[in-house]
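Single-structure report; data block below.
First the proteins, then the strands, lettered A, B, ... as listed; each starts at 1.
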Protein chains: 2
Amino acid sequence: MIRVLLADDENLIRSALRALLSLEDGIEVVAEAATADEALAMARSFRPDVAVLDLQLPDRDGIALAADLHEQVPGCRTMIVTSHGRPGYLKRALAGGVGGFLPKTVSASVLAQVVRTVHAGGRYVDPELAADAISAGDSPLTARESDVLELAAEGAPVEEIARRAALTPGTVRNYLSSAASKLGAANRHEAVHVARRHGWI
Amino acid sequence: MIRVLLADDENLIRSALRALLSLEDGIEVVAEAATADEALAMARSFRPDVAVLDLQLPDRDGIALAADLHEQVPGCRTMIVTSHGRPGYLKRALAGGVGGFLPKTVSASVLAQVVRTVHAGGRYVDPELAADAISAGDSPLTARESDVLELAAEGAPVEEIARRAALTPGTVRNYLSSAASKLGAANRHEAVHVARRHGWI
DNA sequence: CCGGGGTGGTGACATTCGTCATCGACCGGC
DNA sequence: GCCGGTCGATGACGAATGTCACCACCCCGG
């Protein structure tokens with residue numbers, strides 16, 4: 001019997017997934033959590049075999065949670081289910097030792113199959129997401145460029161970004177400018193959109 | 001027996017909801033659709049009592065779909081389930097005759113109860129969303145301001161917005177300026193964020 | 001019929017932003 | 001030890017943007 005932990009902030013989805021997985025032979029949902037912290041606590045006490053995580057949790061993202069789980073609950077394999085299959089996330093997830101990465105558009109039988117695959121130590125990535133990730137490639141941005149672009153995401157003026165990044169306004173504009181040109185955007189706001197679409201910020 | 005149509009682009013969620021609702025007495029899922037067009041066609045042939053719609057469908061949003069359903073499939077009541085409970089959407093939905101509006105964070109039992117309430121001709125709105133909507137109030141933007149702000153959402157320069165809106169760049173700047181000041185934003189990009197958060201665009 | 005509000009426009013002005021050249025410091029690899 | 005890349009900064013220039021004042025038109029309600 002594969003013991004599964006579910007982590008998703010949406011109650012409805014969570015209980016729905018539970019209902020789905022319970023219909024499968026050899027799979028048992030032993031715990032549910034709505035936040036990453038809750039999931040971590042649950043995992044420590046219930047010791048599940050596989051953790052099925054949503055990518056976006058209220059307190060932090062599923063990738064960070066997976067890393068914590070691997071560290072604190074050895075023997076618990078992880079897989080991520082998400083609505084927004086940005087290529088960058090997939091790379092980060094795989095680099096973090098996540099065993100499966102699926103969009104929520106897959107069918108229930110695929111989900112159950114992937115739970116089994118991951119439990120057996122295998123890996124599974126949705127073919128379409130994989131294709132996106134390969135064609136999208138790595139982020140061309142440097143670490144600082146990503147930081148600054150992220151701070152620009154809310155539409156704040158350069159001066160505020162500078163304060164929040166502890167940089168000179170001039171430097172901020174340089175980074176934004178180079179980021180925008182790397183992303184083929186006309187300005188930083190379009191650059192934010194491009195980077196978001198690729199999962200680079 | 002309440003006959004239900006499910007419309008959600010995410011296969012997993014859809015079949016999970018089906019599994020959930022099927023556990024309830026007196027509720028039967030008679031059709032599933034992944035797009036608005038598909039849902040419309042399904043509804044015409046299956047004549048469901050209640051349509052449970054996702055807010056975001058690939059071809060158009062759940063509110064527009066609900067309007068089409070009311071027109072083309074009389075006797076079919078509608079309710080919307082969503083991950084993103086922006087206040088503006090709720091208002092638009094209720095104005096469009098939608099009977100129920102829920103976030104996906106509700107429990108399965110609430111969902112089933114709301115299906116029954118809506119089927120009986122009643123209305124149900126998640127209390128928290130209702131509170132948000134009331135406190136958020138109406139959009140302070142005029143029709144044109146909203147249009148222009150929406151075109152600005154992708155970070156396009158003023159000139160492109162002007163072309164796409166068939167306006168002079170100067171006029172566009174006037175609208176954006178007044179929209180930003182109404183929203184308490186320092187620039188149009190921040191204004192876009194504020195408007196998005198409230199569901200006004 | 002008059003006023004107010006929304007729409008669409010013009011012109012001017014100051015500010016912000018994008019771009020570029022250039023500089024120094026630091027770190028890694030060859 | 002030198003070279004290249006990233007980080008951080010400065011200054012300068014032109015273009016884009018935000019802001020304001022003001023105009024005209026239309027429509028609707030009082």
Side-chain angles (χ1 to χ4, degrees), chain A residues 88 91-92 95 136-201, chain B residues 88 91-92 95 136-201:
Chain A
K91 294 212 168 185
R92 292 219 308 273
D138 275 329
S139 169
L141 305 178
T142 68
R144 267 313 190 241
E145 284 166 356
S146 299
D147 289 349
V148 174
L149 196 57
E150 202 154 356
L151 289 173
E154 282 154 36
V158 168
E159 235 183 299
E160 193 185 321
I161 301 172
R163 261 187 290 111
R164 296 218 277 166
L167 288 177
T168 317
T171 305
V172 169
R173 284 192 290 165
N174 286 338
Y175 282 148
L176 289 176
S177 178
S178 89
S181 83
K182 281 178 183 175
L183 298 178
N187 56 50
R188 65 211 161 99
H189 307 287
E190 198 183 324
V192 166
H193 268 80
V194 174
R196 277 246 175 82
R197 230 189 354 260
H198 289 76
W200 289 335
I201 59 172
Chain B
K91 295 213 166 184
R92 292 218 310 272
D138 276 329
S139 168
L141 304 178
T142 70
R144 266 313 191 239
E145 284 165 357
S146 299
D147 289 349
V148 174
L149 195 57
E150 202 154 357
L151 289 172
E154 282 154 34
V158 169
E159 236 184 299
E160 193 186 321
I161 300 172
R163 261 186 290 110
R164 296 217 277 167
L167 288 176
T168 318
T171 304
V172 169
R173 283 190 289 160
N174 285 338
Y175 282 150
L176 289 175
S177 179
S178 90
S181 82
K182 281 178 182 175
L183 298 178
N187 56 48
R188 63 210 163 99
H189 306 288
E190 198 182 326
V192 166
H193 269 79
V194 174
R196 278 248 175 82
R197 232 189 350 262
H198 289 77
W200 291 334
I201 58 171

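Rounding to the nearest 0.5 angstrom, the gap separating the CH2 atom in A:W200 from the NZ atom in A:K182 is 11.0 Å. To the nearest 0.5 Å, the span separating CG on A:L176 from NE2 on A:H189 amounts to 8.5 Å. A distance of 13.5 Å separates CZ in B:R188 from NE2 in B:H193, rounded to the nearest 0.5 Å. Distance check: A:L183 CG to A:R197 CZ gives 10.0 Å after rounding to the nearest 0.5 Å. Note that CD1 of A:I201 and CG of A:L149 are 5.0 Å apart. Values are rounded to the nearest 0.5 Å. Summarising the geometry, atom OG1 belonging to A:T142 is positioned 3.5 Å from atom CD belonging to A:E145; distances are rounded to the nearest 0.5 Å.
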Can you tabulate the close N/O pairs, meaning under 3.5 Å, that link protein atoms to atoms of nucleotides 25-29 of chain C?
none

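Residue pairs meeting the side-chain hydrogen bond (donor to acceptor under 3.5 Å, both in side chains) criterion with at least one partner in residues 153-165 of chain A, sequence neighbours excluded, do not occur; the list is empty.
Contacts of A:S177 classified as side-chain hydrogen bond (donor to acceptor under 3.5 Å, both in side chains), with partners at least two apart in sequence or in another chain: none. In terms of the side-chain hydrogen bond (donor to acceptor under 3.5 Å, both in side chains) criterion, residue partners of A:R144 (sequence neighbours excluded) are, by chain and number, A:D147.
Over its full length, the helix from C:dC1-D:dG30 to C:dC27-D:dG4 turns its helical axis through 30°, comparing axes from the five pairs at each end and rounding to 10°.
Across every non-hydrogen atom of B:L151 and B:A165, the tightest pair is CD1-CB, 3.7 Å.
In this structure, the CG atom of A:L141 is 15 Å from the C1' atom of D:dG5, given to the nearest Å.
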- For each nucleotide in nucleotides 8-30 of chain D, reading 5' to 3', give B when a protein heavy atom comes within less than 4.0 Å of its base, S when such contact involves only the sugar-phosphate, and - otherwise. BBB-B----BBBB----------

